[in-house]
Enquirer: 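Let me begin by handing over the structure; questions about it come next.
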Amino acid sequence: MAFKSIRGTKDILPPETARWHYVESVVREVFHRFNYKEIRTPIFEQTALFARSIGELTDIVGKEMYTFTDRSDDSITLRPEGTASVIRAYIQNNLGEAQPLVKVYYIGPMFRQERPQAGRLRQFHQFGAEAIGSLQPEVDAEIIAMTIQIYKELSLAKYALKISSVGCEKCRPHFKEILQNELRKIAAKLSPDSQRRIEENPMRVLDSKDENDATLTAKMPVITDHLCAECARHFESLKKYLTSFHIPYTVDGRLVRGLDYYTKTAFELTSAELGSQDALAGGGRYDLLTQELGGKATPGVGFAAGIERLMMVLEKKGFEPAADIRPALFIASADAESRAWSVATTIDLRSEGIAVEADFLARSLKAQMREADRQQAKFVLVVGQRELGSGRAILKNMKTGEQNEIPLDEIRKQLS
RNA sequence: GUGGCCAUAGUUCAGUUGGUUAGAACGCCAGGUUGUGGCCCUGGAGGCCGUGGGUUCAAGUCCCACUGGCCACCCCA
């Protein structure tokens with residue numbers, strides 16, 4: 001084969017694009033109902049934006065970014081996630097000056113150079129939302145409720161919501177020290193991966209998939225027991241809201257997010273139907289990010305969800321939306337002269353807003369009927385010399401098989 | 001980045017201990033119906049057997065490398 005798509009990238013082809021249209025329309029509709037407005041940022045940014053927001057030491061920045069130098073010798077990176085760009089746009093365009101709470105959402109591709117596997121691609125798609133400007137736990141609750149609502153409206157039932165608080169600049173460093181001290185005591189018994197993580201990211205040791213590690217760390221302290229008064233109050237309030245929203249959740253003090261910028265609330269939605277990469281969506285609060293990126297100190301909360309993973313679950317359920325593009329009418333023609341008429345009429349009707357298809361292969365009537373069937377056309381109009389002469393033709397309802405002779409100039413009326 | 005499995009028509013797959021013209025189903029095209037879809041019947045087109053090298057009289061089949069896919073680790077959406 002001459003050219004192939006880049007490893008870890010995929011073509012999304014017609015029957016499947018209908019599913020994407022459906023999912024995107026549901027997602028947009030829910031966002032709009034929650035009064036979030038769409039923001040579209042460039043898919044590439046200065047490398048430093050991601051390095052500073054996501055964190056130099058994270059895997060994403062350390063080894064997964066698509067980074068290159070452009071012809072002006074600037075370091076450019078394809079966005080690995082959405083929040084950094086949104087906050088950059090928020091600061092750059094002074095969005096906070098027009099209103100105190102800015103609520104935006106995005107849908108689009110993200111890029112990470114990882115080894116592809118089930119539910120993991122190098123170009124993948126996310127939808128997500130950010131609420132920038134409020135410290136209130138009500139906003140955290142709204143974001144979570146909105147996330148859940150989207151999955152509900154897609155008739156997805158089998159997921160689990162895990163929530164936690166990762167603390168703030170006051171309580172997290174404290175806890176990190178306590179945990180590291182505990183972990184160092186048993187370091188020798190831990191897996192090599194976990195030993196490395198003790199210094200790099202101790203919270204992740206608690207999340208290890210290694211059975212032995214899990215046993216050894218079962219009684220280790222968790223952050224949710226070591227929050228400062230303010231973080232604890234915030235977390236309690238969030239839990240109350242979720243309960244009042246009738247949203248079931250489990251508190252998982254070991255929940256870790258892959259990005260450094262999170263403070264207080266962290267949450268994750270997982271699906272048991274996904275295999276190893278089971279996170280459907282994740283998010284949390286990032287009260288320090290805006291000032292870290294050079295803006296006025298402004299709190300924020302957000303989430304992001306993987307569209308391909310959502311598709312995997314929908315496919316597993318056998319979900320198949322009705323074809324979103326199908327002609328209202330197919331004009332079948334019996335000969336060259338009527339074909340000319342049918343093409344001209346097709347263009348006319350289309351300009352009037354009617355979805356029409358005709359024969360463009362000069363095929364037999366039978367083949368045209370087959371084509372109309374394949375396209376799931378609602379009606380077929382059969383025209384030939386006779387019809388052009390008499391001004392009346394047969395209109396066939398493809399679902400019922402019913403045929404009626406109608407005057408050609410009444411075709412618009414018949415279709416409406 | 002590491003590991004395991006895999007790579008044959010458009011698609012999903014068969015292909016005996018290496019042995020003549022590589023098969024099926026579905027899909028596609030045409031005919032059965034000289035102006036009518038779906039079901040049925042008949043016929044047809046369509047394969048450098050992932051790429052490169054090696055072993056052999058002989059390779060889709062065995063060996064090696066590469067590329068790609070799948071799955072897992074890592075990490076995450």
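Sequence lines set the chain letters: A, B, ... in the order given, protein chains first and strands last, and positions in each chain run from 1.
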Enquirer: Classify the nucleic acid contact of Gly8(A) as base, sugar-phosphate or nothing, counting any heavy atom under 4.0 Å across all strands shown.
Expert: sugar-phosphate
Enquirer: What's the CZ-P distance between Arg112(A) and rC75(B), to the nearest Å?
Expert: 14 Å
Enquirer: Under 4.0 angstrom, heavy atoms only, what part of the nucleic acid is Leu259(A) near: base, sugar-phosphate, or nothing?
Expert: sugar-phosphate
Enquirer: Does Arg115(A) place a side-chain N or O at less than 4.0 Å from the phosphate oxygens OP1/OP2 of rC71(B)?
Expert: no
Enquirer: Provide, to the nearest angstrom, the distance between the CE atom belonging to Met65(A) and the C1' atom belonging to rC76(B).
Expert: 15 Å
Enquirer: So what's rC62(B) paired with, Watson-Crick or G-U wobble, going by both distances under 3.5 Å?
Expert: rG54(B)
Enquirer: Taking atom C1' in both rA9(B) and rG23(B), compute the distance separating them and give it to the nearest angstrom.
Expert: 10 Å
Enquirer: Look only at the side chain of Arg326(A) and the backbone of Gln376(A), and say whether a donor-acceptor pair between them is shorter than 3.5 Å.
Expert: yes
Enquirer: Rounding to the closest angstrom, what is the interatomic distance between rG15(B) and rC74(B) at atom C1'?
Expert: 39 Å
Enquirer: Hey, does Gly119(A) reach any base, or is it just sugar-phosphate, or nothing, if we go heavy atoms under 4.0 Å?
Expert: base
Enquirer: Pick the C1' atom in rU21(B) and in rG53(B), then give their distance to the nearest Å.
Expert: 28 Å
Enquirer: Distance criterion of 3.5 Å, no angle test: do you see the side chain of Glu387(A) paired donor-to-acceptor with the base of rG35(B)?
Expert: yes
Enquirer: Rounded to whole angstrom, note down the P distance from rU16(B) over to rG32(B).
Expert: 41 Å
Enquirer: How far does the C1' atom of rU61(B) sit from the matching atom of rC6(B), given to the nearest Å?
Expert: 15 Å
Enquirer: Nearest whole angstrom, please: distance from the P of rC75(B) to the CG of Asp278(A).
Expert: 14 Å
Enquirer: Would you mind pulling out the nucleotide paired to rG43(B), Watson-Crick or G-U wobble, both distances under 3.5 Å?
Expert: rC29(B)
Enquirer: Determine whether any donor atom in the side chain of Gln403(A) lies under 3.5 Å from an acceptor atom in the base of rU36(B), or the reverse, and answer yes or no.
Expert: yes
Enquirer: Hunt down the Watson-Crick or G-U wobble partner of rG3(B), both distances under 3.5 Å, from any strand shown, or write none.
Expert: rC71(B)
Enquirer: Does a side-chain heavy-atom distance below 4.5 Å link Trp341(A) with Val383(A)?
Expert: yes
Enquirer: How are the rings of Tyr36(A) and Phe31(A) set to each other: parallel, tilted or perpendicular (split at 30° and 60°)?
Expert: tilted
Enquirer: Has the side chain of Arg120(A) got a donor or acceptor atom sitting under 3.5 Å from an opposite partner on the base of rC75(B)?
Expert: yes
Enquirer: If you assign Phe124(A) and Ala377(A) each to the RNA chain B nucleotide with the nearest heavy atom, which residue ends up on the more 5' nucleotide?
Expert: Ala377(A)
Enquirer: Distance check needed: rC28(B) P versus Asp373(A) CG, whole Å only.
Expert: 10 Å
Enquirer: Would you mind reading off the distance between Leu365(A) atom CG and rG37(B) atom C1', rounded to a whole angstrom?
Expert: 10 Å
Enquirer: If we only count heavy atoms from C-beta on, is the Tyr286(A) to Glu292(A) side-chain gap below 4.5 Å?
Expert: no
Enquirer: From the set rC76(B), rA30(B), rU36(B), return the single nucleotide nearest to any side-chain atom of Arg370(A).
Expert: rA30(B)
Enquirer: Taking atom P in both rU36(B) and rG31(B), compute the distance separating them and give it to the nearest angstrom.
Expert: 11 Å
Enquirer: Rounded to whole angstroms, how far apart are CD on Gln376(A) and C1' on rG37(B)?
Expert: 12 Å
Enquirer: As a test of reading the structure: which of rC75(B), rU36(B), rA30(B) is closest to the side chain of Glu114(A), going by heavy atoms?
Expert: rC75(B)
Enquirer: For the side chain of Arg374(A), starting at C-beta, report the closest nucleotide among rC29(B), rC71(B), rG37(B).
Expert: rC29(B)
Enquirer: Among rG38(B), rG68(B), rC76(B), which nucleotide sits nearest the side chain of Arg7(A)?
Expert: rG68(B)
Enquirer: Taking a pair as Watson-Crick or G-U wobble with both distances under 3.5 Å, which nucleotide is matched to rA24(B)?
Expert: rU12(B)
Enquirer: Can you tell me which nucleotide in rA72(B), rC28(B), rG35(B) comes closest to the side chain of Val382(A)?
Expert: rG35(B)
Enquirer: I want to verify a distance call: between rA77(B), rA30(B), rG37(B), whose nearest atom is closest to the Ala367(A) side chain?
Expert: rA30(B)
Enquirer: Of the options rC76(B), rC71(B), rG68(B), whose atoms approach the side-chain atoms of Ala118(A) most closely?
Expert: rC71(B)
Enquirer: Rounding to an integer number of Å, can you tell me how far Gln113(A) CD sits from rU2(B) P?
Expert: 13 Å
Enquirer: Look through every strand shown and name the nucleotide pairing with rC48(B) as Watson-Crick or G-U wobble, where both distances are under 3.5 Å.
Expert: none
Enquirer: If you only use heavy atoms from C-beta on, which nucleotide in rC74(B), rG68(B), rU33(B) is closest to the side chain of Lys366(A)?
Expert: rU33(B)
Enquirer: Students often get this wrong, so: under 4.0 angstrom with heavy atoms, is Ala372(A) touching a base, only sugar-phosphate, or nothing?
Expert: nothing
Enquirer: What distance, rounded to whole Å, do you find between the two C1' atoms, one in rC28(B) and one in rU34(B)?
Expert: 25 Å
Enquirer: Do side-chain atoms of Asn404(A) reach the backbone of Ile406(A) as a donor and acceptor pair under 3.5 angstrom?
Expert: no
Enquirer: Taking only the P atom of each, what is the distance from rG68(B) to rU51(B) in whole angstrom?
Expert: 15 Å
Enquirer: Are Phe319(A) and Tyr22(A) close enough that their ring centres sit under 6.0 Å apart?
Expert: yes
Enquirer: Heavy atoms only, 4.0 Å cut-off, all strands: where does Leu280(A) land among base, sugar-phosphate and nothing?
Expert: sugar-phosphate
Enquirer: Rounded to whole Å, how long is the line connecting atom CZ of Arg79(A) with atom P of rA77(B)?
Expert: 15 Å
Enquirer: From the set rA77(B), rU36(B), rC73(B), return the single nucleotide nearest to any side-chain atom of Arg309(A).
Expert: rA77(B)
Enquirer: Just wondering, do Gln403(A) and Asn397(A) contact through their side chains at under 4.5 Å, heavy atoms?
Expert: no
Enquirer: Measure the spacing between CZ of Arg112(A) and CZ of Arg122(A) and express it to the nearest 0.5 Å.
Expert: 13.5 Å
Enquirer: If the cut-off is 4.0 Å, is Gln277(A) near the phosphate of rC76(B), judged by side-chain N/O to OP1 or OP2?
Expert: no
